[in-house]
Amino acid sequence: HRAKITGFVRDPDKAGWVFENTQRSEIVGTILCILRDLNSPSQFTPNWDFFSRIRQFLPDDGRFGEVFNLWVAPASRRQGLASKLKQQFEVETRHRGMSMLYTHTELTNPHVIELNRKLGYREIRRGPIWDEIVRVSLVKQLS
């Protein structure tokens with residue numbers, strides 16, 4: 001796992017942030033993201049077919065930021081950490097000249113769906129992506 005994580009951290013198209021409770025020396029929140037370019041063959045992934053199916057919702061230039069993992073420790077939830085992590089990725093995405101964010105979550109996570117809506121995301125799709133689990137796909141246009 002160490003090699004996989006190291007490779008992720010060093011990849012210029014990927015980003016991650018961590019919230020740490022320094023008083024207790026424990027991680028209380030993380031976010032993992034990827035900066036996608038649908039016109040770059042080097043970024044082809046197993047879920048590439050999915051992005052081609054939602055292409056009409058994505059920017060014309062094919063460039064967008066994707067949040068693919070967001071976690072906050074149960075004891076640290078409802079304190080704004082998830083919002084701050086997502087907002088940090090917005091800053092990075094804008095800095096890279098991209099104008100849209102994409103994320104998805106399982107339909108059984110209504111708190112996450114509501115968080116995304118409060119942050120300005122809009123729902124574009126519900127349904128399975130790579131397995132039978134129903135997921136809600138959301139996008140946010142950056143100004």
Side-chain angles (χ1 to χ4, degrees), residues 1-38 40 42-59 61-143:
H1 290 286
R2 183 181 306 262
K4 194 172 189 177
I5 292 169
T6 299
F8 180 90
V9 171
R10 290 184 178 160
D11 188 327
D13 293 328
K14 297 187 175 80
W17 289 270
V18 174
F19 264 116
E20 182 179 7
N21 180 326
T22 55
Q23 294 173 345
R24 295 187 303 201
S25 295
E26 63 185 20
I27 294 173
V28 295
T30 63
I31 191 169
L32 297 176
C33 312
I34 186 167
L35 298 152
R36 293 211 179 265
D37 183 347
L38 297 180
S40 173
S42 66
Q43 284 198 356
F44 289 161
T45 63
N47 60 352
W48 203 255
D49 180 58
F50 170 72
F51 288 120
S52 67
R53 286 185 277 140
I54 63 165
R55 186 69 168 99
Q56 72 269 22
F57 299 106
L58 302 174
D61 68 2
R63 300 174 67 234
F64 61 96
E66 177 188 2
V67 175
F68 67 86
N69 188 290
L70 176 64
W71 173 81
V72 175
S76 298
R77 292 180 182 160
R78 302 278 181 202
Q79 298 175 28
L81 298 181
S83 294
K84 289 178 184 175
L85 286 164
K86 290 193 92 158
Q87 289 164 343
Q88 181 59 45
F89 185 49
E90 285 183 30
V91 170
E92 181 64 23
T93 303
R94 281 188 188 102
H95 176 74
R96 303 276 187 113
M98 297 178 173
S99 62
M100 182 174 280
L101 298 175
Y102 166 84
T103 192
H104 62 257
T105 190
E106 293 181 13
L107 182 61
T108 58
N109 289 328
H111 295 299
V112 177
I113 295 167
E114 184 59 27
L115 166 70
N116 283 306
R117 287 187 175 135
K118 286 181 182 177
L119 291 173
Y121 286 75
R122 68 180 173 89
E123 183 177 326
I124 60 167
R125 181 188 180 282
R126 285 181 184 222
I129 296 176
W130 58 82
D131 57 17
E132 298 81 36
I133 296 171
V134 176
R135 289 180 173 80
V136 177
S137 297
L138 305 109
V139 294
K140 179 176 182 178
Q141 188 69 39
L142 301 175
S143 51

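Note: hydrogens, waters and symmetry copies are ignored here, and every other heavy atom, side chains too, is used. Values in this document were obtained by computation on a predicted structure and should not be read as measured data.
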Heavy-atom closest pair, residues [X] and [Y]:
X	Y	value
Thr93	Gly65	CG2-N, 4.1 Å
Phe51	Leu38	CB-CD2, 3.9 Å
Ala82	Leu70	CB-CD2, 4.0 Å
Leu32	Gly16	CD2-CA, 4.3 Å
Gln56	Arg53	OE1-O, 3.4 Å
Ser83	Leu115	OG-CD1, 3.2 Å

For this session: Please confirm whether the backbone N or O of Arg63 pairs with a side-chain atom of Arg96, one donor and one acceptor, at under 3.5 Å?
Result: no
Exercise. With no hydrogens and no angle check, is any side-chain donor or acceptor of Arg77 less than 3.5 Å from a backbone partner on Val72?
Worked result: yes
For this session: Take Gln79 and Phe19 through the side chain to side chain contact (heavy atoms under 4.5 Å, CB included) test and state the conclusion after the steps.
Result: CA-CA 12 Å; Gln79 298 175 28; Phe19 264 116; over 6 Å; no
For this session: Check the side chains of Lys140 and Asn116 for a donor-acceptor pair under 3.5 angstrom, ignoring hydrogens and angles.
Result: no
A side-chain contact here means heavy atoms from C-beta on lying under 4.5 Å apart; do [X] and [Y] qualify?
X	Y	answer
Ile129	Ser137	yes
Phe89	Trp17	yes
Trp71	Leu85	no
Leu58	Met100	yes
Met98	Leu142	no
Arg117	Ile113	yes

Supply the atom-to-atom distance [X] [atom1] to [Y] [atom2], rounded to the nearest 0.5 angstrom.
X	Y	atom1	atom2	result
Ile34	Lys14	CD1	NZ	4.5 Å
Leu101	Leu138	CG	CG	11.0 Å
Gln141	Phe64	CD	CZ	12.5 Å
Thr108	Ile133	OG1	CD1	7.5 Å
Asn109	Arg135	CG	CZ	10.0 Å
Ile31	Gln87	CD1	CD	10.0 Å

Problem set entry | Charged N-O contact under 4.0 Å between Glu90 and Arg94 | yes
Exercise. In terms of heavy-atom contacts, does CD1 of Ile27 have more than 12 from other residues, nucleotides or ligands at under 6.0 Å?
Worked result: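 No, because the 6.0 Å sphere around CD1 of Ile27 holds 12 heavy atoms or fewer from other groups.
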Exercise. Counting only heavy atoms not in Glu114, do more than 12 sit closer than 6.0 Å to its CD atom?
Worked result: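 Enclosed: over 12 neighbouring heavy atoms sit under 6.0 Å from CD of Glu114.
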Problem set entry | Working for side-chain hydrogen bond (donor to acceptor under 3.5 Å, both in side chains), residues His104 and Arg125 | CA-CA 9 Å; His104 62 257; Arg125 181 188 180 282; over 6 Å; no
